[in-house]
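Per chain, numbering begins at 1; letters A, B, ... match sequence-line order. In what follows, every heavy atom counts, from backbone to side chain, and hydrogens, waters and symmetry copies are set aside.
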Amino acid sequence: MSDAEMTAEPVDYSKTLFLPVTDFPMRAGLPQREPEILAKWEREDLYRAQRAKAAGRSKFVLHDGPPYANGHLHIGHALNKILKDVITRQKQMEGFDSNYVPGWDCHGLPIEWKIEEKYRAAGKNKDEVPINEFRAECRAFAEHWVEVQSAEFQRLGVIGDFRDPYLTMSYEAEAVIANEIQKFALTGQLYRGSKPVMWSVVEKTALAEAEVEYQDHTSDTIFVKFPVTSGGDHAGASVVIWTTTPWTIPGNRAVSFSNRIAYGLYRVNDAPEGNWATSGDTLILADKLAEEVMKAAKVSSFQKIATVSAADLAGVTLAHPLAALGYDFVVPMLDGDHVTDDSGTGFVHTAPGHGREDFEIWMSNARALEARGISTEIPFTVDDAGVLTEDAPGFVGRTVITADGDKGDANATVIGALIAAGALIGRGRLKHQYPHSWRSKKPVIFRNTPQWFIHMDSDIEAQGDTLRARALKAIEETTFYPPAGQNRLNGMIANRPDWVVSRQRAWGVPIAVFRNTRTHELAPGPQFAGNDELMTRVQDAFVEHGADAWYEAGAKERFLGGLVDDLAEWEQVTDILDVWFDSGSTHAFCLRKRPDLKWPADMYLEGSDQHRGWFHSSLLESCGTNGRAPYDSVLTHGFVMAEDGRKMSKSLGNIVSPQDVISQSGADILRLWVMASDYADDLRIGKEILKTNVEAYRKLRNTIRWMLGTLAHHDAALDPALGEMPELERLMLHRLFEVGETVKAGYAEYDFKRVVGAIMNFMVVDLSAFWFDVRKDALYCEPHSSVKRRAALAVVAHLFDALAKWLAPMLPFTMEEAWGHAHPGATSIHLELFPELPTAWKDEALAAKWAKVRDVRRVITGALEVERAAKRIGSSLEAAPIVHITDVDLVTALEGVDLAEVAITSGVTVTGEEGPQEAFRLYDVAGVAVEPNKAVGPKCARSWRIVPDVGSDPEFPDVSARDAAALREWRARGGAA
RNA sequence: GGGCCCGUAGCUCAGCUGGUUAGAGCGCGCGCUUGAUAAGCGUGAGGUCGAAAGUUCAAAUCUUUCCGGGCCCA
């Protein structure tokens, strides 16, 4: 020990240092802190403050896709809203007036179902309740969930006009939606047709394809003979069909075959006593399936006696197997591509009222059939309760599916009749995927129903100006993130059939049109062009009373009175609109009506399932009424999976709820998870992934915290000019500028993981592990007046300002908290703009030079690590290595660089000579060899460096000259001695 | 069954139009520090780039098939 140290009083020099000081806690406690920040935003009305601040700026409108107002939020909602919020906030900070108006989808089956369930539980029947009373209950139910979800969305940190959201059930919305469908009627795009639709007997409604799910179901299967009545030379033979829906046999009007399948005529040679198929029967079957069919028919011996060609079959006509019961019409054979010989018989029983393909082949052959004298009228064989009608003679009153969703007696009765008619040759059961209602989970049926459609391919204003053509063009003019979305939507629009918009339900917006029962004209309709009185009446009434007005007594007189010659000829349509039409109209009643928004929207943002949903319906709705898409860009995200990449499910117990994450870790953690993920693909979440994000958050928070503590000593008035700053500070400003470029580019492409990645990497590698570590000595120990210290402080201030702002859209709670610590009394970071960094900061030459310096540094730290492992040194300040540099470039790079400072050692000796054999080298840094060398001499009690000038100042004998100077300043500024 | 998409270290992600021993951060192991301390620094170990075949002088990068996963349809 030196004399100086011996004689010195033991002083606690830490009090004389500029150590970080901050109240910003290391541990976030987000679950408690976030609600406090929310309360502050509420108190200060941040949303309106943002609007005021941005008044006059150009608008950016991300139009919210309305979630359905039932139930709590799940993780998918959280993902969706977080992305929307980050973009909203990003655009606000980029200098737009970025106004987000949340919305809710309120009409529709699921809510109606809930209310019905309630009635059932109370032993009431929905049909006994007046419709507007029922609608009022649905409205109240939706209102409740809007409130719940609104609170849950806000808890995620989502900022928007939650005090005045849009609702599809608001009176204004209902009025506009009704007017929108009237526009389709007015321009002749709306028509009434009949079509088999997916029908749920339990809910008594047609279902959209989005409303059915495929589940295992066991069906009765039957093999049925259709006797040949004419054509070819197959007299006495029968064509055999196979079906899983025996109850559709009364609806049969044709049998389909395929010209790509090889058929043959088969004779039964032998069969057991009492078998349905008996010796001598001749059956026409697909060659590939003949053996299977014979086996199913329990035939013990058979042989092929002839080949049957497709041309033959086309000329064949059949008799209905139940002709004796009244089905005494001609059953034609139709050639269809949908027929295969993968299973069944190679022939498809075709009931145009019970299947989409059946309907399509029937209609495409309509003219030819009529020419043959065959009526193409499609029978309505099943009513809305799943009961067979008079169009199904012999089976009237038989039930396909009961009100509870169970199998009725129709199948058994039809099978019995077929047996009695000698038409059945085999039967069985098949477990297969069958459509079920998403609500009741009960099987659905295809039944022929009158429905309202919007034409995809009829001319609107000019020849070729069809809805499909308009929509395809609009897709081309839209920007998709990611680009694959364009293909996907395009493919769907290109191939979709006409748009069914009607529902036979109560809770929704009525198709507010009238139909002339004699002429089939619509009101409004093309004949009403130029007369908008009807539309105005509906508009006014709905705005005042809601769509309930449509159901009030005297509605027809009220709306149509005086506008047509004979009111009695007109019937009021009571069907309601499919909810996809409602949500497809949000742009009309929200974007167009609100002066604080604009039309079209800059962006629609939803999960990739919405290519079939909201992107799709909004596109068609707007193209039909406005001729273009209601959006300029569409951004899609994937779905949230469990940690193993599979779907989350209750049975696996791997569901992660946003509520749990928020209460355990905080909303900012959830947001960080979204930001770090590739949202364009499916995302994964689980215990480990959340832990990773919590760790990343901690690192980020601590780095912010150190800056805040350091800034306690910052006085902007003392900031040196850029030119006065040391190279190391200018290097950091350069790096900050570079990171800023990446951040800007990342945000521009909504590539948040790139933004987070660049920021995290910068904070960890450049700041925490390098610059902070190096500069702690200067920041803590240098005299108050030191340029080096003041320059470092100025840089910390720039770093904090930029990083906090860049992170603010992503981590709004944490950055608000940090901002408050940096700027006591400031309102909110969310009223700030992203920083414009001076291009003067950019200095590539400096960066190139310092890349080399850091290479040399790596060799030194590597050498010290060896010493540490050998227990020869601990702290790097115990070393004063000898650095041999033989690379000319490196020598140049090191000019003016204090290597000891950079490597955080007590000294460095640089030589230009080749180092000794045993010196430390790195394979990827040529021309550098380091001899670790222990620093010798007295240790400065204040800065802990071992430097020769310790004790050179007699007044402060145990510290270095630099620290002595610092102490003198410190005392002069009032520090206690 | 069809359309669109995805599959790189334990985790999250980079790897452009094919070209040296495939990278980063986090996590993990070990060491240091104790003036960012329920923190900080250093260092180390981790990958047959889902699998196979093909094109090529050369493939994580192109082609095909298969496997696994997702969304939307049937």
Please state the C1' separation for the pair B/U17 and B/C62 - nearest whole angstrom. 11 Å
Using the C1' atom as the point on both nucleotides, what is the distance between B/C6 and B/G46, in whole Å? 25 Å
Regarding A/R684, tell me which of base, sugar-phosphate or nothing describes its non-hydrogen contacts under 4.0 Å with the strands shown. sugar-phosphate
Candidates B/G27, B/G70, B/G31 - which lies nearest the side chain of A/R646: B/G70
For the side chain of A/S608, starting at C-beta, report the closest nucleotide among B/A36, B/G42, B/C71. B/C71
Pairing partner (Watson-Crick or G-U wobble, both distances under 3.5 angstrom) of B/A59: none
Atom-pair distance (CZ on A/R698; P on B/G27), nearest Å: 9 Å
Write down the partner of B/C71 under the Watson-Crick or G-U wobble criteria, each distance required to be under 3.5 Å. B/G3
B/C26, B/U12, B/G70: which one has an atom nearest the side-chain heavy atoms of A/A676? B/U12
Euclidean distance, atom CG of residue A/D681 to atom P of B/U8 [Å, nearest integer]: 10 Å
pair_partner(B/C16), Watson-Crick or wobble, both distances < 3.5 Å, evaluates to none
Do A/R496 and A/H616 pair up side chain to side chain, a donor and an acceptor below 3.5 Å, judged on atom types alone? yes
Distance below 4.0 Å between A/S768 side-chain N/O and B/C41 OP1 or OP2: yes
Tell me which of A/T692 and A/G874 sits closer to the 5' end of RNA chain B, going by the nucleotide each one is nearest to. A/T692
Does A/E749 come within less than 4.0 Å of A/K744, counting only side-chain N to carboxylate O? no
For B/U21, the Watson-Crick or wobble partner whose two distances fall under 3.5 Å: none
Protein-nucleotide distance (A/L877, atom CG; B/G40, atom P), rounded to Å: 19 Å
For a quick check under 3.5 Å, do A/S960 and A/R962 share a side-chain donor-acceptor pair by atom type? no
Which part of the nucleic acid, if any, lies within reach of A/K699 when heavy atoms closer than 4.0 Å are counted: base, sugar-phosphate only, or nothing? sugar-phosphate
Rounding to an integer number of Å, can you tell me how far A/H436 NE2 sits from B/C73 P? 17 Å
Between B/A39 (C1') and A/M26 (CE): distance, integer Å: 4 Å
Of the listed B/A36, B/A14, B/C72, the closest approach to the A/K776 side chain comes from B/A36
Looking across every strand, which nucleic acid part, if any, lies under 4.0 Å from A/M641 by heavy atom: base, sugar-phosphate, or nothing? sugar-phosphate
Can you find a heavy atom in the side chain of A/V739 that is under 4.5 Å from one in the side chain of A/N761? no
Separation between the C1' atoms of B/U61 and B/A14, rounded to whole Å: 14 Å
Take atom CZ of A/F18 and atom P of B/G35, then tell me their distance rounded to the nearest Å. 18 Å
Between A/E688 and A/K691, is the closest basic N to carboxylate O distance under 4.0 Å? no
Torsion-based syn/anti label for B/G50, 90° from 0 as limit: anti
For A/N487, which contact category applies under a 4.0 Å heavy-atom criterion: base, sugar-phosphate, or nothing? nothing
Just to confirm, is there a sub-4.0 Å distance from OP1 or OP2 of B/G70 to any side-chain nitrogen or oxygen of A/K647? no
Euclidean distance, atom CZ of residue A/F770 to atom P of B/U43 [Å, nearest integer]: 13 Å
With a 4.5 Å cut-off on side-chain heavy atoms, are A/I685 and A/L670 touching? yes
May I ask you to check whether A/S256 and A/T350 show a side-chain donor-acceptor distance below 3.5 Å? yes
Using a 4.0 Å heavy-atom cut-off, does A/A769 contact any base of the nucleic acid, only the sugar-phosphate backbone, or nothing at all? sugar-phosphate
Considering only heavy side-chain atoms of A/S875, the closest of B/U33, B/A36, B/C11 is B/U33
Would you classify A/W944 as touching base, sugar-phosphate or nothing, given that sugar-phosphate means primed atoms plus P, OP1 and OP2, and contacts are heavy atoms under 4.0 Å? base
When you compare B/A60 with B/G19, how far apart are their P atoms, in angstrom units rounded to a whole number? 10 Å
B/U37 OP1/OP2 closer than 4.0 Å to side-chain N/O of A/R705: yes
How far does the P atom of B/U8 sit from the matching atom of B/C13, given to the nearest Å? 10 Å
Please check if atom CG in A/D924 has more than 12 non-hydrogen atoms from other residues, nucleotides or ligands closer than 6.0 Å. yes
Out of B/G42, B/C26, B/G70, minimum distance to the side chain of A/V764 belongs to B/C26
B/A74 phosphate, OP1 or OP2: any side-chain N/O from A/R356 under 4.0 angstrom? yes
Ignoring hydrogens and angles, are the base of B/C71 and the side chain of A/R488 linked by a donor-acceptor pair under 3.5 Å? yes
Please compare A/D777 and A/E643 by the position of their nearest nucleotide in RNA chain B and report the one closer to 5'. A/E643
Students often get this wrong, so: under 4.0 angstrom with heavy atoms, is A/D644 touching a base, only sugar-phosphate, or nothing? nothing
Check this for me: does any side-chain nitrogen of one of A/R775 and A/E901 sit under 4.0 Å from a carboxylate oxygen of the other? yes
Using a heavy-atom cut-off of under 4.0 Å over every strand shown, decide if A/G709 touches base, sugar-phosphate, or nothing. nothing
Can you tell me, in whole Å, how much space there is between the P of B/A45 and that of B/G25? 14 Å
Would you indicate what A/S677 reaches in the nucleic acid, counting non-hydrogen atoms under 4.0 angstrom: base, sugar-phosphate, or nothing? sugar-phosphate
What is the nucleic acid contact for A/E865, judged by heavy atoms within less than 4.0 Å: base, sugar-phosphate only, or nothing? base
Can you tell me the pairing partner of B/C41 across any strand shown, Watson-Crick or G-U wobble, with both distances under 3.5 angstrom? B/G31
Sugar-phosphate only, base, or nothing, as touched by A/L17 at under 4.0 Å among non-hydrogen atoms: base
Rounding to a whole Å, what distance do you find between A/L19:CG and B/U37:C1'? 13 Å
Phosphate-side-chain proximity, A/Y780 and B/A36, N/O vs OP1/OP2 below 4.0 Å: yes
Is there a donor N/O on one and an acceptor N/O on the other, under 3.5 Å, for the side chain of A/K753 and the base of B/A14? no
Counting any heavy atom closer than 4.0 Å, what does A/R942 reach on the DNA or RNA strands: base, sugar-phosphate only, or nothing? base
